Amino acid sequence: SMPNSNNILRFDSDNGIGSGDYSNTINISLTANGVNKWFFVMKPFGMASLDCHFLVQSSGNQQMFLGLAGTTFNGQWYLTGGGNPKHSTTNIDGQWNIFSVEWDETQTQHTASTWLNGNPVNVATNVSVITGGSRAMKMNKYQNMGNCDWGEIIFLENPTQSNSDKVEGYLAHKWGLEGSL
């Protein structure tokens, strides 16, 4: 299931060895009081309750989760302290997609916006989660470990609309998702 014969990273919590798959903690520092936009090319499969595909922490406290949507995957983010923006209203488990999320901290009322394959889906306003500063991120680990294939992740700080469009186009062409844009 590798689009355009690209290499992928598979996390398979049901791999039969009892430990499950997840990444080490990834430490990253993001621009404070700015706009951070993240792009993910991934395909979850076999979604179960409390499966987490991407986790963001600050000072050891969980802040954001991609997943945790029960037995269907709709690309939902769970935000500690405010909002649950979704990428889709339908189950998109088992499908390759480009998911984008933008955290705008430039105004008093922070917003989180989501896109599915370049199409705007949801905006959550007055979000208390702050992405700027030092963050710890982990793929596929919180309470439960989900099954997913990862193609690519790109983080942008203070992107222009033109830069966002270019990244979406690049990802769509690389991963054979042009028809989804």
Side-chain angles (χ1 to χ4, degrees), residues 1-3 6-28 30 36-103 112-124 127-131 135-155 168 171 175-177 180:
S1 67
M2 296 175 283
N6 288 306
N7 291 324
I8 61 168
L9 178 61
R10 171 164 281 182
F11 291 105
D12 183 0
S13 66
D14 301 320
N15 60 18
I17 62 171
S19 62
D21 297 329
Y22 55 91
S23 76
N24 290 329
T25 299
I26 303 158
N27 294 308
I28 190 169
L30 302 167
N36 290 291
K37 189 164 184 180
W38 306 344
F39 301 84
F40 303 94
V41 177
M42 69 169 285
K43 178 186 84 170
F45 54 93
M47 185 75 184
S49 182
L50 298 179
D51 281 357
C52 181
H53 299 293
F54 193 78
L55 166 66
V56 180
Q57 295 177 293
S58 174
S59 303
N61 297 315
Q62 288 78 20
Q63 287 189 300
M64 297 175 281
F65 311 89
L66 177 59
L68 302 175
T71 57
T72 61
F73 180 79
N74 57 13
Q76 185 161 349
W77 282 92
Y78 281 79
L79 312 178
T80 302
N84 296 321
K86 297 181 181 181
H87 287 290
S88 174
T89 57
T90 60
N91 185 3
I92 51 177
D93 195 32
Q95 301 173 36
W96 282 98
N97 287 287
I98 301 170
F99 304 100
S100 308
V101 61
E102 180 179 271
W103 309 94
S113 305
T114 61
W115 290 262
L116 176 63
N117 299 316
N119 298 303
V121 177
N122 198 332
V123 176
V127 176
S128 61
V129 172
I130 297 172
T131 59
R135 297 290 174 261
M137 300 177 186
K138 190 175 279 191
M139 298 167 68
N140 212 49
K141 176 76 169 143
Y142 175 55
Q143 288 186 11
N144 289 338
M145 293 167 276
N147 298 314
C148 59
D149 291 339
W150 284 94
E152 196 158 348
I153 300 174
I154 296 176
F155 297 105
E168 287 168 349
L171 292 172
W175 295 96
L177 298 170
S180 298

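Sequence positions, counted from 1, serve as the residue numbers for this chain. Quantities reported herein were computed from a predicted structural model and do not represent experimental measurements.
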What's the spacing between [X] [atom1] and [Y] [atom2] if we round to 0.5 Å?
{"X": "I92", "Y": "T72", "atom1": "CD1", "atom2": "OG1", "answer": "9.5 Å"}
{"X": "W103", "Y": "N36", "atom1": "CH2", "atom2": "CG", "answer": "10.0 Å"}
{"X": "L171", "Y": "E152", "atom1": "CG", "atom2": "CD", "answer": "5.0 Å"}
{"X": "S100", "Y": "N117", "atom1": "OG", "atom2": "CG", "answer": "8.5 Å"}
{"X": "I26", "Y": "Q57", "atom1": "CD1", "atom2": "CD", "answer": "11.5 Å"}
{"X": "N27", "Y": "R135", "atom1": "CG", "atom2": "CZ", "answer": "11.5 Å"}

side-chain contact (heavy atoms from CB on, under 4.5 Å) between N6 and W175, worked out: CA-CA 7 Å; N6 288 306; W175 295 96; 3.2 Å; yes
With a 3.5 Å distance limit and no angle check, can you tell me whether [X] reaches the backbone of [Y] through a side-chain donor-acceptor pair?
{"X": "N74", "Y": "Q76", "result": "yes"}
{"X": "D93", "Y": "G46", "result": "yes"}
{"X": "D149", "Y": "K43", "result": "no"}

Ring center gap for F54 and F40 short of 6.0 angstrom: yes
Check: H53 ring centroid to F11 ring centroid under 6.0 Å: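 Not under 6.0 Å, so no.
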CA sep, side-chain torsions, deciding dist, call: I98, L177, side-chain contact (heavy atoms from CB on, under 4.5 Å): CA-CA 8 Å; I98 301 170; L177 298 170; 3.7 Å; yes
Qualifying residues under ring-ring contact (aromatic ring centres under 6.0 Å, His included), relative to F45, sequence neighbours excluded: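 For F45, no residue satisfies ring-ring contact (aromatic ring centres under 6.0 Å, His included) once neighbours in sequence are set aside.
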From CA spacing to verdict: side-chain contact (heavy atoms from CB on, under 4.5 Å), F99, L116: CA-CA 5 Å; F99 304 100; L116 176 63; 3.6 Å; yes
W150 vs W96, ring pair (Phe, Tyr, Trp, His ring centres under 6.0 Å): CA-CA, chis, key distance, verdict: CA-CA 9 Å; W150 284 94; W96 282 98; 9.3 Å; no
Whether W38 and F155 hold their rings parallel, tilted or perpendicular, with breakpoints at 30° and 60°: perpendicular
Evaluation steps, side-chain contact (heavy atoms from CB on, under 4.5 Å), between N140 and C148: CA-CA 8 Å; N140 212 49; C148 59; 3.7 Å; yes
Partners passing salt bridge (charged side-chain N to carboxylate O under 4.0 Å, His left out) against E168 (at least two apart in sequence or in another chain):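 Salt bridge (charged side-chain N to carboxylate O under 4.0 Å, His left out) check on E168 returns nothing, list empty.
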For W115, side chain to side chain donor-acceptor pair (under 3.5 Å) partners two or more places apart: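 Testing W115 for side chain to side chain donor-acceptor pair (under 3.5 Å), a comparison that skips the adjacent residues, returns none.
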Taking every non-hydrogen atom, the tightest pair across C52 and L55: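 The answer is SG-CB, 4.0 Å.
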In the structure I gave you, are the side-chain heavy atoms of [X] and [Y] within less than 4.5 Å of one another anywhere?
{"X": "M137", "Y": "T25", "value": "no"}
{"X": "M47", "Y": "N91", "value": "no"}
{"X": "K37", "Y": "V101", "value": "no"}

